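Here the structure comes first, spelled out in structure tokens, and everything after it is commentary.
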Amino acid sequence: MRKFPCSFPWRGLAVAIMLAGCVQPVQAVPSFARQTRMDCFACHVSWPELTPTGRQFKLNGYTLGPRPALPLAGMLQLSYCATDKRGTDFAASFPKDREVVLQQASLFYSGKLADHAGIFSQFSYDGVEHHTSIDNVDVRYANHVALAGTDVLYGFMLHNNPQVQDVWNTTSTWGFPFSSSPAANVPAAAPLIEDLGQQVAGLGAYVLWHDTVYAEVTAYRTSNHLFNPLRLGVNRAEAASLDGYNPYWRLALQHDWADGTQSAMIGTYGLVADVFPDNRVAAGPTDRYRDIGVDAQYQYVTDRHRVTAQLNYLRETQTWSAAAQASNGTDRLHVFRAKATYYYDKKYGFNAARFSLHGSADSALYDTGEAFTGSGNGRPDSSGWITELNYLPRRDIRLTLQLTHYNKFNGASRNYDGFGRRASDNDTAYLLAWFMF
């Protein structure tokens, strides 16, 4: 087994621990905790992963409890990342590697707006890019109706990130890892559904029948004109441009055991999107992306022991227009993720995850000829493991050590970029101090 870097900045960690003693005791997104008067672990296995109670709170439009007078909260992340093998050129390309950074600072406006309406919204400062912009937004209306003696929960929503509205933590937006280093080298390929955050506006409707069958339909379009605030501060020159309204669907079957300790879900979801190859010219032919996924989750939650197991598989079919910079007419990506979590006494946590991405060889898409980030053989394939240790000295503070190991990176295990770099040279050790207040 490869050795990970161990040159952690202990002075930086000491500062983080000192800060931990100064933060006032609050929970999860603290405005929600103040509104509901519940401990964060009623709604979270460990934030942001939701329990059945947390899923109901979100599906009901964030409306449990009285309307708060000032629904504000904050978040701060301090982090340090050490890549296994750097070299002079790598250090120049990734200057924040092996530095303590203010990874993110966020302000939340989140809570009940009216009897049946609520909001989750986040505005964030990126301490690595030194840039401030809107983050995840989810505005909801929810209500109940009785049909043939059965309760039906229904709702409508507006949001700016595909799957930010999802209540299971199996999909990309709220999936594991819940935080990762912005200073690390990461695989080049990713499905479209994971790469549209803060670039689109989603208008959707959902129903939950008998607390068992969930169905949702959402349409996504470029966040412009009336929806401009949903991408406030986002660089429009780099944002995707969608043609019209693009459909997303979600169907899930869930079950909660009567004793309240266990729950399970199996589901499927999909997105079909037409994207202009040149986002500066919203006209002409488009590239079509068809993402179809299946997922499953099991939870066992008690005061002492908390266990989660998750699976997710996604297939993306990319059909390129004549204007696209691709070698093939059609390409595919396959993404698989599996994660297991155990928390003891709501304080000590362990996560282990397997990830794998593979797809069609396309030299025009992936063989960029660049060291570190390119693929020398034109393949997108990457795979590996993530292990994570968590310690929560208080409900509102989490200290994390995350280790990532790559078996493949951008198409190969060895010499993946054509400059002699191995996949495992991108292995990272990541230390995070995460505060909520």
Side-chain angles (χ1 to χ4, degrees), residues 48 50 54-63 110 112-122 134-145 147 151-175 191-231 234 239-254 265 267-275 289-295 312 314 316:
L50 296 175
R55 291 192 283 274
Q56 284 292 330
F57 175 70
K58 185 171 180 176
L59 288 171
N60 279 277
Y62 311 112
T63 57
S110 300
K112 182 177 182 177
L113 300 175
D115 285 345
H116 299 287
I119 185 173
F120 171 92
S121 64
Q122 183 178 1
I134 197 73
D135 207 318
N136 293 317
V137 175
D138 181 28
V139 185
R140 292 176 180 254
Y141 171 89
N143 210 335
H144 292 254
V145 64
L147 292 178
D151 178 72
V152 177
L153 166 64
Y154 67 94
F156 304 94
M157 55 199 169
L158 169 67
H159 51 270
N160 69 344
N161 189 352
Q163 300 182 324
V164 74
Q165 77 277 21
D166 207 75
V167 296
W168 296 277
N169 295 91
T170 53
T171 54
S172 58
T173 302
W174 298 119
L192 181 74
I193 199 170
E194 299 180 9
D195 201 29
L196 290 175
Q198 293 76 56
Q199 303 171 47
V200 295
L203 294 166
Y206 61 92
V207 295
L208 177 63
W209 177 82
H210 199 51
D211 201 27
T212 302
V213 180
Y214 176 85
E216 172 199 334
V217 177
T218 297
Y220 289 99
R221 57 159 293 159
T222 300
S223 293
N224 53 16
H225 306 303
L226 179 63
F227 302 108
N228 267 329
L230 293 177
R231 62 172 181 178
V234 175
S241 181
L242 277 60
D243 185 13
Y245 288 87
N246 300 263
Y248 169 88
W249 52 270
R250 175 66 147 138
L251 183 65
L253 180 67
Q254 70 169 15
M265 180 277 296
T268 182
Y269 60 92
L271 169 71
V272 179
D274 294 318
V275 183
Y289 296 80
R290 182 180 289 107
D291 293 3
I292 298 177
V294 292
D295 59 343
N312 187 299
L314 173 71
E316 178 175 85

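What you see is a predicted model, and the numbers here were worked out from it, not measured in a lab. When reading the values below, keep in mind they use all heavy atoms of this one structure, side chains included, and skip hydrogens, waters and symmetry mates.
- The two residues Lys58 and Val164 make their nearest non-hydrogen contact at NZ-O, 2.8 Å.
- Checked by atom type and distance alone, the side chain of Asn169 pairs as donor or acceptor with a backbone atom of Trp174 at under 3.5 Å.
- Counting only distance, with no hydrogens or angles, the side chain of Arg250 and the backbone of Tyr206 share no donor-acceptor pair below 3.5 Å.
- One distance of note links OH of Tyr62 with CZ of Arg140; it measures 5.0 Å at 0.5 Å rounding.
- Residues Glu216 and Tyr248 meet the side-chain proximity criterion, which asks for heavy atoms closer than 4.5 Å.
- Two residues are said to be in side-chain contact when any heavy atoms from C-beta on lie closer than 4.5 Å; Glu316 and Leu271 fail this criterion.
- In this structure, Glu194 contributes its side chain and Leu192 its backbone to no donor-acceptor pair below 3.5 Å.
- Proximity of a side-chain donor or acceptor of Asn160 to a complementary backbone N or O of Val137 within less than 3.5 Å is detected.
- The two residues Leu230 and Ser223 have their closest heavy-atom pair at CB-OG, 4.0 Å.
- Aromatic pair Tyr269/Trp168: ring centres not closer than 6.0 Å.
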- Task: Would you sort out whether Phe57 and Leu50 count as a side chain to side chain contact (heavy atoms under 4.5 Å, CB included), showing the intermediate values?
- Result: CA-CA 10 Å; Phe57 175 70; Leu50 296 175; over 6 Å; no
- Carefully, step by step, assess Asn246 and Val272 under the rule side chain to side chain contact (heavy atoms under 4.5 Å, CB included). CA-CA 6 Å; Asn246 300 263; Val272 179; over 6 Å; no
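- Using a 4.5 Å cut-off on side-chain heavy atoms (C-beta onward), Thr63 and His116 make no contact.
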- Begin with the C-alpha distance, continue with both residues' side-chain angles, and end with the deciding distance and a verdict on side chain to side chain contact (heavy atoms under 4.5 Å, CB included) for Asp211 and Asp151. CA-CA 8 Å; Asp211 201 27; Asp151 178 72; over 6 Å; no
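- Side chains of Tyr289 and Asp291: a donor-acceptor N/O pair is absent below 3.5 angstrom, by distance only.
- With a 4.5 Å cut-off on side-chain heavy atoms, Arg231 and Thr222 count as touching.
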- Does the side chain to side chain contact (heavy atoms under 4.5 Å, CB included) test come out yes or no for Thr173 and Asp166, once each step is laid out? CA-CA 8 Å; Thr173 302; Asp166 207 75; over 6 Å; no
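- Proximity of a side-chain donor or acceptor of Asp295 to a complementary backbone N or O of Thr170 within less than 3.5 Å is not detected.
- Summarising the geometry of Leu59 relative to Ala142, their closest heavy-atom pair is O-CB, 3.4 Å, with the distance given to 0.1 Å.
- For Ile193 against Gln163, the heavy-atom pair with the smallest separation is CD1-NE2, 3.6 Å.
- You'll find the side chain of Asn136 stays beyond 4.5 Å of the side chain of His159, heavy atoms only.
- In this structure, Thr171 and Asn312 have side chains that are in contact, with non-hydrogen atoms separated by less than 4.5 Å.
- The main-chain N or O of Ser110 is never found under 3.5 Å from a side-chain atom of Ser121 such that the two would form a donor-acceptor pair.
- Checking side-chain atoms of Gln199 against main-chain N and O of Ser241 turns up no donor-acceptor pair under 3.5 Å.
- Around atom NE2 of His210, no more than 12 heavy atoms belonging to other residues, nucleotides or ligands sit under 6.0 Å away.
- The shortest side-chain heavy-atom distance between Leu158 and Phe227 falls under the 4.5 Å cut-off.
- The shortest side-chain heavy-atom distance between Trp209 and Tyr154 does not fall under the 4.5 Å cut-off.
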